[in-house]
Amino acid sequence: MGFIHMALLHLKNLTKYFGGLAAVKNVSFDLNEGSILGLIGPNGAGKTTVFNLITGHYVPDKGEIIFNGENIVKKPTHKIVELGIARTFQTIRLFKNLSVLENAMSGYHCRMKAGVFACMFKPAWQRLEEKKAIDIALKELQFVGLNIDLEQQAKNLSHGNQRLLEIARALTTSPKLLILDEPAGGMNDQETKKLVNLIKKIRDRGITVLLIEHDMNLVMDVCEHIVVLDNGEKIAEGTPDEVKSDPKVIEAYLGLDEE
């Protein structure tokens with residue numbers, strides 16, 4: 001692979017309260033550049049809250065979020081995307097009535113300079129920019145394996161293909177860090193295997209991946225490092241083998257599968 005491993009994302013004492021209850025409490029971990037880190041824990045553990053804090057949907061009550069050497073706390077979501085953080089959502093959020101290609105192109109919008117005037121009158125530079133957006137969208141659609149009719153509406157795709165389209169759209173933003181929130185949700189075994197290979201391919205491009213996922217087989221297969229949350233606090237961290245054998249993790253999360 002040949003990537004230099006250093007902390008691309010650094011969380012320190014991250015804390016968020018909702019109505020007096022701590023959804024996330026003093027969570028700290030580093031995510032190394034070019035790696036895949038899994039964030040796991042039972043429902044209500046605070047995983048998605050951590051994602052929402054990183055991506056600017058929430059502002060922490062305490063703590064630091066350092067991305068690529070820059071403090072991103074209180075930065076608006078669109079600025080965080082411009083810095084190089086892209087995400088998918090637990091509930092698929094596509095433009096259902098737009099085409100597959102248009103959905104993929106929409107991710108590249110954050111890299112475009114054209115305003116309303118340019119879009120109306122289409123000067124030569126704006127046409128070149130639009131062509132570049134199409135080229136990048138086509139490249140990422142091919143990369144994720146969506147070899148389908150690109151003019152069909154997103155709402156007509158299978159659930160698995162909608163997930164892939166959402167990942168392709170995120171990739172068109174040219175991210176340094178891709179955050180995936182339960183990407184295997186609703187996928188069958190064959191689609192999940194495809195997803196595992198895709199996540200590894202994304203990492204092999206030098207894109208760092210942060211993953212929330214309930215499918216423990218997928219997590220153990222794809223993640224090099226895992227952080228475990230329970231009741232908003234970090235209870236364990238380490239390699240898949242270390243985490244799998246940690247008594248606190250077995251009690252809080254993995255043991256649930258055996259009940």
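For this chain, numbers begin at 1 and follow the sequence in order. The shown structure was predicted, so the numbers you read here are calculated from the model rather than taken from an experiment.
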#### Entry: Leu229 vs Ile40 side-chain heavy atoms within contact, under 4.5 Å
no
### Query
Checking Glu242 side chain against Thr239 main chain: does a donor-acceptor pair fall under 3.5 Å?
yes
### Task
Can you sort out the partners of Lys234 under salt bridge (charged side-chain N to carboxylate O under 4.0 Å, His left out), two or more places apart, ordered by chain and number?
Glu237
### Message
Can a donor-acceptor pair be found, under 3.5 Å and without considering hydrogens, that links the side chain of Glu251 to the backbone of Lys248?
### Response
no
### N/O donor-acceptor pair under 3.5 Å between Thr15 side chain and Asn13 backbone
yes
#### Entry: Gln142, CD atom: more than 12 neighbouring heavy atoms under 6.0 Å
no
#### Entry: Value rounded to 0.5 Å, distance of CD1 in Ile136 from OG in Ser174
5.5 Å
### Query
Which residues satisfy the side chain to side chain contact (heavy atoms under 4.5 Å, CB included) test with Glu70, sequence neighbours excluded?
Lys75, Leu83
### Message
Surrounding NZ of Lys201 (heavy atoms of other residues, nucleotides or ligands, distance under 6.0 Å), is the total greater than 12?
### Response
yes
#### Entry: Counterpart residues, side chain to side chain donor-acceptor pair (under 3.5 Å), relative to Asp30 (two or more places apart)
His10
### Task
Supply the atom-to-atom distance His57 NE2 to Arg87 CZ, rounded to the nearest 0.5 angstrom.
5.5 Å
### Query
Is there a donor-acceptor pair under 3.5 Å between the side chain of Thr49 and the backbone N or O of Val24?
no
### Task
Verify side-chain hydrogen bond (donor to acceptor under 3.5 Å, both in side chains) between Asn43 and His214, making sure each step is shown before the conclusion.
CA-CA 9 Å; Asn43 287 331; His214 278 299; 3.2 Å; yes
### Task
Could you check Glu33 against Lys176 for salt bridge (Lys or Arg N to Asp or Glu O under 4.0 Å), going step by step and ending with a plain yes or no?
CA-CA 8 Å; Glu33 190 172 1; Lys176 295 180 179 76; over 6 Å; no
### Message
Tell me whether Asn103 contacts the main-chain N or O of Phe95 through its side chain, where contact means a donor paired with an acceptor under 3.5 Å.
### Response
yes
### Qualifying residues under salt bridge (charged side-chain N to carboxylate O under 4.0 Å, His left out), relative to Arg163, sequence neighbours excluded
none
### 4.5 Å side-chain heavy-atom contact, Leu195 and Leu218
yes
### Message
For the backbone of Asp230 and the side chain of Glu233, can you confirm whether one donor and one acceptor N or O come within less than 3.5 Å of each other?
### Response
no
### Query
Hey, do the aromatic rings of Phe18 and Tyr58 have their centres closer than 6.0 Å?
yes
### Task
For Asp241, check salt bridge (charged side-chain N to carboxylate O under 4.0 Å, His left out) against everything at least two apart and list the hits.
Lys244
### Message
With a 6.0 Å cut-off (strictly less than), is the heavy-atom count around NZ of Lys200, excluding the residue itself, greater than 12?
### Response
yes
#### Entry: Under the side chain to side chain contact (heavy atoms under 4.5 Å, CB included) test, residues paired with Asp61 that sit two or more places apart
Lys16, Tyr17
